[in-house]
Number of protein chains: 2
Amino acid sequence: MLKLTRKVEYALIALRHMQNKEPDAISSTKEISEMYDIPLELLAKTLQLMARGGIVNAVQGPTGGYKIKAKLENINMIEFFEKIEGPLGLMDCYFDSDCTLISACNIRSPIKKINDNMRSMFENMTVGEITQ
Amino acid sequence: MLKLTRKVEYALIALRHMQNKEPDAISSTKEISEMYDIPLELLAKTLQLMARGGIVNAVQGPTGGYKIKAKLENINMIEFFEKIEGPLGLMDCYFDSDCTLISACNIRSPIKKINDNMRSMFENMTVGEITQ
DNA sequence: TGTTAATCCGATCAAATTGGTCGTATAAAT
DNA sequence: ATTTATACGACCAATTTGATCGGATTAACA
């Protein structure tokens, strides 16, 4: 429980890798995958998600790859997680529609407390802090 | 990702239920399971784990059940999670033995940062706060 | 302009984790 | 003794996650 997924891990590794290069240098999926021994296809998918989320720019064709687009200090971890993994498990109760019993719902507020605490923690943590 | 498990949820529901009774009142698994519509067997397992962990007392036989034993304000959430779920996912890197590549290991420190932050947050959160 | 090397993207399979069930043993109140 | 509850290990089912595959698209470069 409370584990980060590989995709999140790979995304952070990739960002950190790109951060250590010149601002406009391009890193290919293959290059990153080989250097850190990450399955190429899964890393590719992760980078695509980040490209779609506006975190990196994709450059197609040979000599293509990715480079950082967004200011990483402006992206908090909740946004980051959601771009990569979609809606978070820790938000489940908010959308739980089969929560019909009022008593059961009230009693579930401990879980809400935990989720709220986690949420505010990740909202105050930026991708920039984590990768630097 | 980052989801709490059902067992943790059921444990908190049960504790909260017992907290709303007189200090020495006994709650049976069946009573709790029916009131909150929780699978009896799974709830039983969870209560057994809490009994083994010294959080509640088990009273056997007919008219038996459980009552709170420990001071809930003295148990932090890390301890609580570990009693119920065993070693946490968020500690994985510490024990990761196949982490041979130094470069890969260094690059993984972002995950360590996140884990450390989560850890200290849960260390400073007690079961008492959450269930009350 | 055709070849090549990269990203893109959906579908799908495999593995791990979690949720839930079953059967039986054991303990204690009546 | 009988009944009713917890105790506990083994097991199956469902969900989530990790990884793979096949093919389409894009663009550099000879």
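Just so we're on the same page: letters track the sequence lines, and every chain starts at 1. These numbers come from the heavy atoms of this one structure, side chains and all, not from hydrogens, waters or symmetry mates. Quantities reported herein were computed from a predicted structural model and do not represent experimental measurements.
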Nearest whole Å is fine: how far is dA5(D) P from Leu40(B) CG? 10 Å
Ignoring backbone atoms, test whether Arg52(A) places a side-chain nitrogen or oxygen under 4.0 Å from the OP1 or OP2 oxygen of dC9(C). yes
Return all side-chain donor-acceptor pairs below 3.5 angstrom for residues 69-78 of chain A, not counting sequence neighbours, or 'none' if the list is empty.
unit_1: Asn76(A); atom_1: OD1; unit_2: Ile78(A); atom_2: N; d: 3.0
unit_1: Asn76(A); atom_1: OD1; unit_2: Glu79(A); atom_2: N; d: 2.9

Write out all pairs satisfying salt bridge (Lys or Arg N to Asp or Glu O under 4.0 Å) with one or both partners inside residues 123-132 of chain A, taking only residues at least two apart or from two chains. Arg119(A)-Glu123(A)
For atom NZ of Lys30(A) and atom P of dT7(C), their distance in whole Å: 10 Å
Considering only dG18(D), dT7(C), dT6(D), which nucleotide approaches the side chain of Arg6(A) most closely? dG18(D)
Nearest whole Å is fine: how far is dT7(C) C1' from Ile26(A) CD1? 11 Å
Identify which nucleotide among dG18(D), dT18(C), dG19(C) has an atom closest to any side-chain atom of Leu42(A), counting heavy atoms from C-beta outward. dG18(D)
d(NZ, Lys7(B); P, dG20(C)) in whole Å: 11 Å
Test side chain to side chain donor-acceptor pair (under 3.5 Å) applied to Ser27(A) and Lys67(A), step by step: CA-CA 6 Å; Ser27(A) 307; Lys67(A) 60 181 176 181; over 6 Å; no
Would one find a side-chain N or O of Thr5(A) under 4.0 angstrom from OP1 or OP2 of dT17(D)? no
Taken to the nearest whole Å, CD/Gln48(B) to C1'/dA5(D) is 12 Å
Leu4(A) has an atom CG; how far is it from atom P of dT16(D), in whole Å? 18 Å
Beyond-backbone contact of Thr5(B) with Val8(B), side-chain heavy atoms, under 4.5 angstrom: yes
NZ (Lys30(A)) with more than 12 external heavy atoms under 6.0 Å: no
Can you tell me if Tyr10(A) touches the phosphate of dG18(D), counting only side-chain N or O atoms and a distance under 4.0 Å to OP1 or OP2? no
Regarding Ala58(B), tell me which of base, sugar-phosphate or nothing describes its non-hydrogen contacts under 4.0 Å with the strands shown. sugar-phosphate
hydrophobic_cluster_shared for Leu47(A) and Leu42(A), side chain cutoff 4.5 Å: yes
In whole angstroms, the gap separating P of dT7(C) from CG of Leu49(A) amounts to 14 Å
Heavy-atom contacts, protein to nucleotides 21-30 of chain D, under 4.0 Å, summarised as B (base), S (sugar-phosphate only) or - (none) per nt, yield B----BBB--
Check Lys21(A) with Glu31(A), please: is the shortest side-chain N to carboxylate O separation under 4.0 Å? yes
Check the phosphate of dT17(C) against Lys3(A), side-chain N and O only, distance under 4.0 Å to OP1 or OP2. Yes or no? yes
Over how many whole Å does the gap from Glu85(B) atom CD to dT17(C) atom P extend? 12 Å
Consider the side chain of Pro39(A), meaning its heavy atoms from C-beta on, and name the nucleotide among dG20(C), dA19(D), dT7(C) that approaches it most closely. dA19(D)
